[in-house]
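Here it is, the structure, as structure tokens.
Lettering of chains follows the sequences in order, A, B, ..., and the numbering in each one begins at 1.
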2 protein chains.
Amino acid sequence: MQKKTVNGAPLPAYEQIKRHVLAKIESGAWKPGDVVPSETEMVKEFGVARMTVSRALRELMADGVLNRVRGSGTYVAPRQYESTVLQIRNIADEIAARGHRHAARVLALEPSNDPNAIAALELEAGPVFHSRIVHLEEGEPIQYEDRYVNPEVFPDYLAQDFTVETPNHYMVRLAPIQRAEFRIYAQKPEARVRQYLDMEIGEPCLLLLRRTWVGRHVATSVRLWHPSSRFHLAGTV
Amino acid sequence: MQKKTVNGAPLPAYEQIKRHVLAKIESGAWKPGDVVPSETEMVKEFGVARMTVSRALRELMADGVLNRVRGSGTYVAPRQYESTVLQIRNIADEIAARGHRHAARVLALEPSNDPNAIAALELEAGPVFHSRIVHLEEGEPIQYEDRYVNPEVFPDYLAQDFTVETPNHYMVRLAPIQRAEFRIYAQKPEARVRQYLDMEIGEPCLLLLRRTWVGRHVATSVRLWHPSSRFHLAGTV
DNA sequence: CAGTGGTCTAGACCACTCC
DNA sequence: GAGTGGTCTAGACCACTGC
């Protein structure tokens, strides 16, 4: 295998193979569920020993990128949703997993020149895209979503119907999220949020702030308010 | 290498080596910072190829258990603290990292027969150990810690001085935490918590519930209240 | 310069899946 | 039974550390 270099240092063959596979997935050439070439095929393609291919694919499985089944083949793993605290899924899927109905009220979907939002997306200038949506579980509001989106990453964001598909689902469908940063607060909601979430006066919100990256771009910056009486975060490590 | 079996299935050699190393660390025979035997030595000890030892040690490094330095050797990694939302550290270390002073007020340290606590620790009967501590940052309360501890795992818990060392630090020092489960809530604090945390009426708490496991035992079940004005959780994925 | 870990090869045997 | 991944061997060359 020809040694490619990054800043002068040669990259190990197994690392080059990993990047090749990741590039295929990120470009969309290989989609979730697709079979990827077998070890034997990659051995021929890259001109390396089978152990080397095996290590590359094994590590990608450990990272959750691939699934491997002995006797069957190697498959592209399903997309990971915006992960917050380890594994919070798309709110609609989460509601569906509880056997409940999800609905969404789109309050706003428009361009915005909010300087704070432009800064959060690490852009020089606006406009950026802005949406405000209330998510309902069995008719009860459970999340107030205030989202800013990078138009360079999702140019068609404003043309979507978010009563049918959540923004999170839409974005994950189009681009793989590679990194996320989050902060969690307990907060007294401002009046508008409190009303949209149908909360009693004095009831606190669980507020989740999150930014996600696609490649070198900040893809989205979102604030999610949840009524404490109907929502909490959970996970294991 | 002699094949050991678990429920009839033979265990791969690299997996046996991993378990051997983990057992050494968990038993305390190898402590954080210690050099562990080199690959060459383990090759002789286990009678396997160097690649096999290499894989075992490489995977343990990926898990954060070992650190490996080319040209130097393989070392036991420092202990991981109770991880909550990915990487929240021991509150005292966190405060120290901000360059601030930590202090603790021990409100209670006693046996308890609270049936909820006994159930949370998955024990048949009590008593279990109970502590309530307020942690202060620069003199301001920042965490109210209500903790139940499994006496089978930490028999000397009640004899400790938690103004000197936090319970988390004490427990991590004695036993490696292997699994954790957490839930995060926004909550109106009860009067007692509000007073100990010196909070204004109406200010919400960020409440973190956590259980941690050592081997098959629930080691501890803890509720951590934080004033929202002075505390939030953060992390990256 | 001896010892360490990082990577790689060219084979091998095996358990398993799928047809 | 052909093809897949899981593991393993016995070598090898290399970059790096620490004396």
Distance below 4.0 Å between B:Thr74 side-chain N/O and C:dG5 OP1 or OP2: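 It does, given that an N or O in the side chain of B:Thr74 lies less than 4.0 Å from OP1 or OP2 of C:dG5.
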Phosphate OP1/OP2 of D:dT4: any A:Thr40 side-chain N/O under 4.0 Å: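 Result: yes.
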Which nucleotide in D:dG5, D:dG6, C:dA10 has an atom nearest any side-chain atom of A:Ala49: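 So the nucleotide nearest the side chain must be C:dA10.
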side-chain contact (heavy atoms from CB on, under 4.5 Å) between A:Leu123 and A:Glu152, worked out: CA-CA 10 Å; A:Leu123 292 173; A:Glu152 294 178 16; 3.8 Å; yes
Side-chain donor/acceptor contact of B:Arg50 with base of C:dG5 under 3.5 Å: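 Flag set: donor-acceptor pair detected.
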Residue B:Ser72, side-chain atoms from C-beta onward, closest of C:dC8, D:dT17, D:dG6: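 Selected nucleotide: D:dT17.
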Distance, rounded to the nearest Å, where B:Ile17 contributes CD1 and D:dT7 contributes C1':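 Nearest whole value for this atom pair: 12 Å.
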B:Gln160 side-chain N/O to B:Tyr157 backbone N/O, donor-acceptor pair under 3.5 Å: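 No, because the side chain of B:Gln160 does not come within donor-acceptor range (under 3.5 Å) of the backbone of B:Tyr157.
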B:Asp34 side-chain N/O to B:Val76 backbone N/O, donor-acceptor pair under 3.5 Å: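 Answer holds: no.
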Touch class at under 4.0 angstrom, heavy-atom based, for B:Ser54 against every strand present: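 Result for B:Ser54 = base.
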Side-chain N,O (A:Tyr14) to OP1/OP2 (C:dT7) below 4.0 Å: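 A:Tyr14 to C:dT7 OP1/OP2: side-chain N or O found under 4.0 Å.
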Atom pair distance, as rounded to whole Å: CZ in B:Arg70 and P in D:dC16: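 Interatomic distance, CZ of B:Arg70 to P of D:dC16: 6 Å.
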Proximal nucleotide (of D:dG5, C:dG11, C:dG6) relative to the A:Arg68 side chain: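 So the side chain of A:Arg68 is nearest to D:dG5.
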Side-chain N,O (A:Thr52) to OP1/OP2 (C:dT9) below 4.0 Å: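 Answer yes for this pair, as a side-chain N or O of A:Thr52 is under 4.0 Å from OP1 or OP2.
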A:Leu224 CG to A:Phe182 CZ distance, which is reported to the nearest 0.5 Å: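 Answer rounded to 0.5 Å: 13.0 Å.
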Nearest listed nucleotide, side chain of B:Ala13, among D:dC8, C:dG5, C:dC16: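 Nearest listed nucleotide: D:dC8.
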Phosphate contact (C:dG3 OP1 or OP2) by B:Ser38 side-chain N/O below 4.0 Å: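 So the side chain of B:Ser38 is outside the cut-off, no N or O lying under 4.0 Å from OP1 or OP2 of C:dG3.
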